[in-house]
Amino acid sequence: MKIREEDLREELEIALAGKDSQPRCSARLGMRLNRFKQLLRRARIHGVDAVLHSNMPKMYTDSFKLEVVNSIINESLTPGTAGARYNLNESTVKAWVRKYREGGEEALLEDGRGRQGMGRKKKPRLEDYEPGSMEYLKLENEILKRENELLKKALPLVREKIRNRSRAKSGTSSSEN
């Protein structure tokens, strides 16, 4: 169940003002008490608006990224402090700083979403290599080994099928013997 922003704001303000207990506020929202306490703690430090707008968009603007990184470099903030100030996960802040230090502003601002190198690797083919080259021979050897293993596994199945066919043709079964 999604909690409406107005309801959360109201309950946080009630709890901050001490007008009602934390368990009652969390119960009215249908939220676990521990989660409500976390939000309340964040609201005490950063304000209710920071809690309400903590669901930042998945794409951050370039100016926002630069502002966060510059606050760490110029103000000597820790990634944890900067994360709390800007309502970001500390690991996100660390990644931005690392990118900035390794490749400058260009590296930070390039769109590098998603895990890199997680796609399927292109399988090498014999046509990719010059016949007779070391890579060609290694790949050919690997292919032949795989085919050999496959045939070893298939041989008992083929023999069983042949046995069953010959039994069916002769009309004998194991129970008649």
Side-chain angles (χ1 to χ4, degrees), residues 1-3 30-32 34-35 37-39 42 50-177:
M1 173 177 109
K2 186 162 171 96
I3 299 169
M31 179 185 287
R32 288 188 0 240
N34 284 343
R35 177 67 179 138
K37 285 181 177 181
Q38 287 175 340
L39 295 174
R42 192 180 304 157
V51 173
L52 296 175
H53 303 297
S54 64
N55 295 331
M56 296 292 284
K58 300 301 179 209
M59 286 286 294
Y60 298 100
T61 63
D62 293 345
S63 59
F64 179 72
K65 287 181 181 181
L66 285 171
E67 181 182 340
V68 173
V69 171
N70 285 330
S71 72
I72 289 175
I73 293 171
N74 298 334
E75 299 174 32
S76 300
L77 294 179
T78 65
T81 308
R85 177 189 285 181
Y86 294 101
N87 241 349
L88 294 168
N89 192 314
E90 184 178 351
S91 62
T92 302
V93 176
K94 285 180 179 179
W96 289 352
V97 171
R98 179 181 42 77
K99 283 183 181 180
Y100 185 82
R101 288 193 172 137
E102 288 175 359
E105 194 173 308
E106 299 82 32
L108 174 65
L109 302 182
E110 71 183 16
D111 186 20
R113 289 180 290 162
R115 290 185 174 189
Q116 302 301 317
M118 290 301 292
R120 286 184 165 233
K121 291 182 180 176
K122 181 184 165 196
K123 289 185 179 179
R125 300 179 333 193
L126 286 175
E127 297 84 40
D128 297 339
Y129 302 106
E130 184 72 31
S133 68
M134 187 60 82
E135 293 84 10
Y136 182 91
L137 294 174
K138 285 180 180 179
L139 182 59
E140 185 180 39
N141 191 26
E142 184 62 34
I143 291 170
L144 291 172
K145 283 181 180 178
R146 282 192 219 134
E147 286 177 358
N148 193 19
E149 288 298 315
L150 182 65
L151 290 172
K152 283 180 184 178
K153 291 178 183 177
L155 186 60
L157 298 173
V158 172
R159 285 183 178 155
E160 181 66 27
K161 195 166 194 166
I162 291 170
R163 244 185 266 127
N164 289 340
R165 281 187 186 162
S166 65
R167 285 183 189 158
K169 284 182 183 177
S170 66
T172 60
S173 66
S174 58
S175 59
E176 293 177 357
N177 289 339

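All of these numbers come straight from a predicted model, not from anything done at the bench.
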Side-chain heavy atoms of Glu135 within contact of Leu139, under 4.5 Å
no
Is any side-chain heavy atom of Asn164 less than 4.5 Å from a side-chain heavy atom of Arg167?
yes
On a heavy-atom basis, which atom in Phe64 and which in Leu88 lie closest, and how many Å separate them?
CE2-CD1, 3.9 Å
Could you state the interatomic distance from CZ (Arg125) to OH (Tyr136), rounded to the nearest 0.5 Å?
12.5 Å
Between CD on residue Gln38 and CE on residue Met31, distance to nearest 0.5 Å
10.0 Å
Just list the side-chain donor-acceptor pairs under 3.5 Å for residues 65-84, sequence neighbours left out, or say none.
{"from": "Glu67", "atom 1": "OE2", "to": "Tyr86", "atom 2": "OH", "distance (Å)": "3.4"}
{"from": "Asn70", "atom 1": "ND2", "to": "Leu66", "atom 2": "O", "distance (Å)": "3.1"}
{"from": "Ser71", "atom 1": "OG", "to": "Val68", "atom 2": "O", "distance (Å)": "2.6"}
{"from": "Asn74", "atom 1": "ND2", "to": "Asn70", "atom 2": "O", "distance (Å)": "3.4"}
{"from": "Glu75", "atom 1": "OE1", "to": "Arg85", "atom 2": "NH1", "distance (Å)": "3.0"}
{"from": "Glu75", "atom 1": "OE1", "to": "Arg85", "atom 2": "NH2", "distance (Å)": "3.3"}
{"from": "Thr78", "atom 1": "OG1", "to": "Thr81", "atom 2": "N", "distance (Å)": "3.1"}
{"from": "Thr78", "atom 1": "OG1", "to": "Thr81", "atom 2": "OG1", "distance (Å)": "2.7"}

Over 12 non-hydrogen atoms of neighbours within 6.0 angstrom of CZ in Arg163:
yes
Show me, pair by pair, the donor-acceptor contacts under 3.5 angstrom made by side chains of residues 140-150, not counting sequence neighbours?
none

Between CD on residue Glu106 and OH on residue Tyr100, distance to nearest 0.5 Å:
9.0 Å
